[in-house]
2 protein chains.
Amino acid sequence: MATLRDVAREAGVSVATASRAINGLGNVTAPTRAAVMAAVKKLNFVPHSGARSLTRRKTDTVGVILPDLFGEFFSEIIRGIDLVAHESGMHLLLGNMHGSAHETAAAIASMRGRVDGLLVMPPELKPETLAGHLDPALPTVLLNYEASSLDIPYVAVDNYRGAYAMTEALLAQGARHVVHIAGPKHNRDARDRQRGFVDAMARIAGERSPVILPGDFSEEAGMEAARLLAQGQMPVDAVFAANDLMAVGCIMQLGETGKKVPADILVAGFDDIPLARHVSPTLTTMQVHIDQLGSTGMMMLLRMLRGETLGASSSTVLTPALITRGTTARLASALAGSAVQP
Amino acid sequence: MATLRDVAREAGVSVATASRAINGLGNVTAPTRAAVMAAVKKLNFVPHSGARSLTRRKTDTVGVILPDLFGEFFSEIIRGIDLVAHESGMHLLLGNMHGSAHETAAAIASMRGRVDGLLVMPPELKPETLAGHLDPALPTVLLNYEASSLDIPYVAVDNYRGAYAMTEALLAQGARHVVHIAGPKHNRDARDRQRGFVDAMARIAGERSPVILPGDFSEEAGMEAARLLAQGQMPVDAVFAANDLMAVGCIMQLGETGKKVPADILVAGFDDIPLARHVSPTLTTMQVHIDQLGSTGMMMLLRMLRGETLGASSSTVLTPALITRGTTARLASALAGSAVQP
DNA sequence: TCGCTCATGGTAACCGGTTACAGGGGGGTG
DNA sequence: CACCCCCCTGTAACCGGTTACCATGAGCGA
């Protein structure tokens, strides 16, 4: 592998000149630059970025630490991040905490010297724990995690209001007994969504202790919830799942047990993953624009890398929008009966 | 940010001793080691990986270069790669060629010095072009790209046989006029699938010039194809799309125009993306185990990093399996008529 | 008690670029 | 014609960690 020294020798100049020519620093004459460039071509030279990052103190890379790499939610986030990163010539280093808090620390630590900044999505971590692991000197933006107490900028989704709005919409459709399928116990998104649901039920329907089934954001959890409902022990005419994947699982399992969506029971999700438009009936959900979560976060990080100091006050909160589709389309289903139901 | 010298000073030893203690090289007494470790803790020292990779000549990172980051196909690949990489403590550096050959070169070049090896998926590139951009000294595994001529190991899917088998299955279901929706013109997967289709049609149905509609692997392309079919100019009783996304688009659009799947027309895809089980009717497809594509490739790359020399002869070819689901379930649809159709 | 061996720790060079500073040559001007 | 200045180029130190090689001292046998 050719080094800068090799190029310099080949071009008959010093390493300093070669470096300057390659980086276009101006104080190099045209013929000299041409000679260097010719040598670069000939030797197929590519600067060693490890060495470069040592002196420049930047790596042109940002670390992305996600709780998992499963499903469309994360692939959409990464796509959003990549879109912005690519425009600025930044690379993406993927870190995966595989759900454990211990791994999170390791993932963050292992990024030192590799990245200029960090995008972290730590849904299961307590702010104090997180603060202990983050390096204050490393520009960081949190995804989907409101952390005003830490004074770290974040991009969050207003889960509470989204869940409140969705519950309100279900009740407006005439539902009386709305059941919530919750997300993981320690997941902050899940908890905010649950709070929104509980508050809406209390304030609008006067229901002080609505039914909440356990879940973990997986499709299987949605199916499990549907099985519980099928036993018919509790009155229910609408299901609000804390995310789309569980809603999808629930719909499929309800179909197995003969309950018709939306004729017998309404179903709604949260996130608007691409899949939501493809299930049958199509899924009513809160649209989050997941890719925007990533792209917005990346843009904020870029600003920090350019020298701006951003604190928690610079954070962005995305408000999800209600998308009404087939699973809550009472009217349409009444007309169509049990016949064709796209 | 603390450096090794700081740690050494704090612990009252030399940098060499500090380094040895941290890396557990043995020739350090227990008390010395303890002192160093205490200093590490106190100063919150984390080795600078850029500097480390300079001398060690390894980065513990592998580069992953994909044509795009869109859709479940790629998220599944990344998941498969991450699974294996994580076990070996490897990091993933994402590169995106955004479809263009020029970007591909840039992506590969920019990885130098950043990674120990490369996983590349270049569906649109000619072998010669690819060879010109790859560094022979950098261990590389190709994904979904058979390149025996370059003597680079690859993990590929037997697209030809898969397409042949699918066409055969459609014909066995009684279809006479099978139409193929092709993938991008220069995409090798797409071309192999098309060849498999054409050969099967010729050999089994004696059809020498089957209808082939243009496509580009996008959902929209599938819808467009369905619109063409709806005009009714050509006889058609089955559609074989070159990938699942187009098949899904086709099904949705066929629904709009009143054609019933599978009663009026059979539909099949290729890839078995997660979505395939969720559309209605569920999609018949060739199962590729996309994640295995990634994990197998990563395992091969790890072997190369451990010093083994792998050539094209060490490649793996995954044979896709036929998964029969709702979109080709003639019998079931005949029984159920236009009623409930899960 | 002396000399030898061996374990342990220190010094300094090196990985491959970047860049502060010094030096040298050419052109313009008094 | 001499001097100055500016611009280009070169030398060398440095980024932070690793490691070859050397020095030192302890431990052991004779």
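Naming convention: chains lettered A, B, ... in sequence-line order (proteins, then strands); numbering from 1 in each chain. Worth saying up front: this structure is predicted, and the values here are computed from it rather than measured.
The closest donor-acceptor contact from the side chain of Ser75(A) to the backbone of Phe74(B) lies at 3.5 Å or more, if one exists at all. Looking only at distances, no side-chain donor or acceptor of Asn144(B) sits under 3.5 Å from a matching main-chain atom of Ala156(B). With hydrogens and angles ignored, the 3.5 Å screen pairs a side-chain donor or acceptor of Thr59(B) with a backbone N or O of Arg114(B). Side-chain atoms of Thr140(B) do not come within 3.5 Å of backbone N or O of Pro136(B) as any donor-acceptor pair.
Taking atom CZ of Arg5(A) as the reference point, atom P of dT19(C) lies 14 Å away to the nearest angstrom. In this structure, Leu43(A) atom CG and dG16(C) atom P are separated by 14 Å, rounded to whole Å. Distance Ile22(A) CD1 to dG16(C) P: 14 Å, rounded to the nearest Å. Rounded to whole Å, atom P of dG17(C) lies 7 Å from atom NE2 of His48(A). Rounded to whole Å, the distance from CG on Leu4(A) to C1' on dT9(D) is 14 Å. We find that CG of Leu54(B) is positioned 17 Å from P of dC14(D), with the value rounded to whole Å. In this structure, Arg52(A) places its CZ atom 15 Å from P of dG16(C), rounding to the nearest Å. Rounded to whole Å, the distance from CZ on Arg9(A) to C1' on dT9(D) is 18 Å.
DNA chain C is contacted by both Arg56(A) and Ala51(B); Ala51(B) maps to the nucleotide lying nearer its 5′ end (nearest heavy atom per residue).
Tested against Val115(B) for a side chain to side chain contact (heavy atoms under 4.5 Å, CB included), the candidates Leu92(B), Val64(B), Ile65(B), Thr61(B) yield a single pass: Thr61(B). Shown are Thr316(B), Leu143(B), Leu301(B), Asp291(B); of these, the side chain to side chain contact (heavy atoms under 4.5 Å, CB included) with Thr296(B) is made only by Thr316(B).
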**OP:** Output, in order, the C-alpha distance, side-chain angles, deciding distance and verdict of side-chain contact (heavy atoms from CB on, under 4.5 Å) for Val141(A) and Val155(A).
**Re:** CA-CA 8 Å; Val141(A) 173; Val155(A) 186; 4.3 Å; yes
Original post:
Could you walk me through whether His86(A) and Glu103(B) pass the side chain to side chain donor-acceptor pair (under 3.5 Å) check?
Top reply: CA-CA 11 Å; His86(A) 184 258; Glu103(B) 294 248 13; 2.8 Å; yes
**OP:** Please step through salt bridge (charged side-chain N to carboxylate O under 4.0 Å, His left out) for the pair Arg79(A) and Asp82(A), ending with a clear verdict.
**Re:** CA-CA 5 Å; Arg79(A) 196 169 65 81; Asp82(A) 174 72; over 6 Å; no
**OP:** Could you please spell out the steps behind the salt bridge (charged side-chain N to carboxylate O under 4.0 Å, His left out) verdict for Lys58(A) and Asp60(A)?
**Re:** CA-CA 6 Å; Lys58(A) 51 183 288 228; Asp60(A) 296 327; 3.3 Å; yes
**OP:** Tell me, with the steps shown, if Arg52(A) and Asn23(A) meet side chain to side chain donor-acceptor pair (under 3.5 Å).
**Re:** CA-CA 12 Å; Arg52(A) 181 175 259 180; Asn23(A) 295 310; 2.9 Å; yes
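The stretch residues 12-21 of chain B touches DNA chain C through Val13(B), Ser14(B), Val15(B), Ala16(B), Thr17(B), Arg20(B), each having a heavy atom within less than 4.0 Å of the strand. Residues from residues 105-117 of chain A placing a heavy atom under 4.0 Å of any atom in DNA chain C do not occur.
Here Glu124(A) contributes atom CD and Met97(A) contributes atom CE; the two are 9.0 Å apart, rounded to the nearest 0.5 Å.
The side chain of Thr29(B) contributes an N or O atom lying less than 4.0 Å from OP1 or OP2 of dG9(C). Side-chain nitrogen and oxygen atoms of Arg57(A) include at least one within less than 4.0 Å of the OP1 or OP2 phosphate oxygen of dG16(D). Taking 4.0 angstrom as the limit, Thr32(A) places a side-chain polar atom (N or O) nearer than this to OP1 or OP2 of dT9(D).
Within the helix from dT1(C)-dA30(D) to dG30(C)-dC1(D), the inter-axis angle between the opening and closing five-pair segments is 60°, rounded to 10°.
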